Amino acid sequence: MKTRILLVEDDARLADLTAEYLRKNDFDVSIEPHGSRAETRILDERPDLVILDVMLPGKDGFEVCRAVRAQYAGVILMLTARDEDFDQILGLELGADDYIAKPVQPRLLLARIKALLRRSPVTPGSSAGDGSDAGEPVELTFGRFRISQATRSTSLGDDRIDLTTAEFDLLWLLARHAGSILSRDDLLQELRGIGFDGLDRSIDARISRLRRKLGDDPENPTRIKTVRGKGYLFSKHDWQ
């Protein structure tokens, strides 16, 4: 069964070229040019992945992402033609799984899509596996906190914590290395296969979002700690 992609892009020529390229690579692609209709289509059609442009008529990509994120568990990849970090950070804060700058290089877009889908909890037409390599833990517990790679679920006490694909992957990576400092370069290499260029704020944005969801104090975090000049550390304690 082919992976279903909804491409939300109002530039008709770009949308057609992108869709044609992805279809040649065995994806089932639908196009939606209008932001106001995108929200309904995402929630009704439940595609495996949404490619969501920021600049759209009706509703912009940020509004669409905000509106669907709580009800849509699939992957959201945002496109932005702007160079400002604000766009990228805002998209991630609203729950996008990743972003890519326009103009989009087709091979880079394809690689990014494949990487995101590999981390997605369910592959098209199949049930979720345990997502782990032989010898790797499939579940970790720290006090009242529990994270399961097998079911890709997270809870704190009796409360389930809803995470995007990218948020879960980052949290699992941190928890798997609990008590150790992971640099931004470590995290980006593991999660996206790229090094830290000194400018990428995607990890910082996701850490901020995770802290809110985990009830961590943003001014003095104790569960996911910032180690100045070095990176982030997931605490083995402070989960009571």
Side-chain angles (χ1 to χ4, degrees), residues 42 48-52 61-62 64-78 85 87-100 112-113 115-123 128 130-132 136-142 144-157 159-178 182-194 196 200-218 221-226 231-235 238-239:
I42 292 169
D48 300 298
L49 182 142
V50 176
I51 302 174
L52 181 60
F62 296 136
V64 174
C65 185
R66 181 190 294 111
V68 305
R69 184 72 281 182
Q71 304 171 67
Y72 171 67
V75 178
I76 298 178
L77 173 61
M78 297 200 76
D85 288 343
D87 277 0
Q88 300 163 1
I89 294 169
L90 180 56
L92 296 170
E93 286 289 328
L94 294 174
D97 294 288
D98 207 347
Y99 63 86
I100 191 168
R112 194 68 61 81
I113 288 171
L116 287 167
L117 290 172
R118 280 196 297 271
R119 304 200 307 262
S120 186
V122 181
T123 55
D130 65 13
S132 64
E136 289 288 333
V138 295
E139 185 172 306
L140 298 167
T141 302
F142 302 91
R144 297 172 60 244
F145 174 78
R146 174 183 171 273
I147 182 168
S148 171
Q149 175 75 331
T151 59
R152 294 186 68 87
S153 62
T154 310
S155 61
L156 186 57
D159 299 324
R160 178 186 173 91
I161 302 170
D162 292 322
L163 302 175
T164 67
T165 296
E167 289 167 357
F168 180 90
D169 291 332
L170 175 56
L171 186 57
W172 174 258
L173 182 58
L174 289 166
R176 191 156 54 89
H177 295 276
L182 296 180
S183 68
R184 291 177 179 83
D185 191 67
D186 294 332
L187 295 168
L188 283 168
Q189 286 284 2
E190 180 72 20
L191 297 173
R192 297 177 62 191
I194 60 174
F196 180 55
D200 194 317
R201 298 289 306 280
S202 60
I203 295 297
D204 300 335
R206 289 194 185 110
I207 291 289
S208 176
R209 191 173 172 87
L210 283 173
R211 283 171 173 160
R212 289 201 302 271
K213 292 186 176 184
L214 294 170
D216 211 357
D217 182 353
T222 59
R223 292 175 170 175
I224 302 178
K225 301 178 181 179
T226 300
Y232 294 104
L233 181 147
F234 182 97
S235 175
D238 302 293
W239 295 101

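Here, residue 1 is the first one in the sequence, and each next residue gets the next number. Keep in mind it's a predicted model, so treat the numbers as computed, not measured.
- Minimum heavy-atom separation, R146 to S148: NH2-CB, 3.8 Å.
- When the salt bridge (charged side-chain N to carboxylate O under 4.0 Å, His left out) test is applied to R223, no partner is found at least two apart in sequence or on another chain.
- K213 is linked by a salt bridge (charged side-chain N to carboxylate O under 4.0 Å, His left out) to E167, counting only residues two or more places apart in sequence or in another chain.
- A donor-acceptor pair shorter than 3.5 Å can be found between the side chains of Y232 and D204.
- Residues satisfying the ring pair (Phe, Tyr, Trp, His ring centres under 6.0 Å) criterion with F145, sequence neighbours excluded, are F234, W239.
- Residues passing the side-chain hydrogen bond (donor to acceptor under 3.5 Å, both in side chains) test with S153, sequence neighbours excluded: T151.
- For R144, there are no salt bridge (charged side-chain N to carboxylate O under 4.0 Å, His left out) partners at least two apart in sequence or on another chain.
- In terms of modelled atom types and a separation under 3.5 Å, the side chain of R69 and the main chain of Y72 share a donor-acceptor contact.
- Side-chain contact between I51 and I113 is present, with heavy atoms from C-beta onward closer than 4.5 Å.
- For the atom pair CG of L170 and CD1 of I207, the computed distance is 4.5 Å after rounding to the nearest 0.5 Å.
- Under the 4.5 Å side-chain criterion, counting only non-hydrogen atoms from C-beta, D48 is not in contact with V75.
- Shown here for C65 and I76, the closest heavy-atom pair between the two residues is SG-CD1, 4.1 Å.
- In this structure, I203 CD1 and R184 CZ are separated by 9.0 Å, a value rounded to the nearest 0.5 Å.
- Separating the CZ atom in R211 from the CG atom in D217 is a distance of 9.5 Å, to the nearest 0.5 Å.
- S155 is linked by a side-chain hydrogen bond (donor to acceptor under 3.5 Å, both in side chains) to nothing, counting only residues two or more places apart in sequence or in another chain.
- Exactly one of L156, T154, L163, L174 qualifies for a side chain to side chain contact (heavy atoms under 4.5 Å, CB included) with I147. That residue is T154.
- A heavy-atom distance below 4.5 Å is not found between the side chains of L171 and I161.
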**OP:** Could you check D97 against R206 for salt bridge (charged side-chain N to carboxylate O under 4.0 Å, His left out), going step by step and ending with a plain yes or no?
**Re:** CA-CA 9 Å; D97 294 288; R206 289 194 185 110; over 6 Å; no
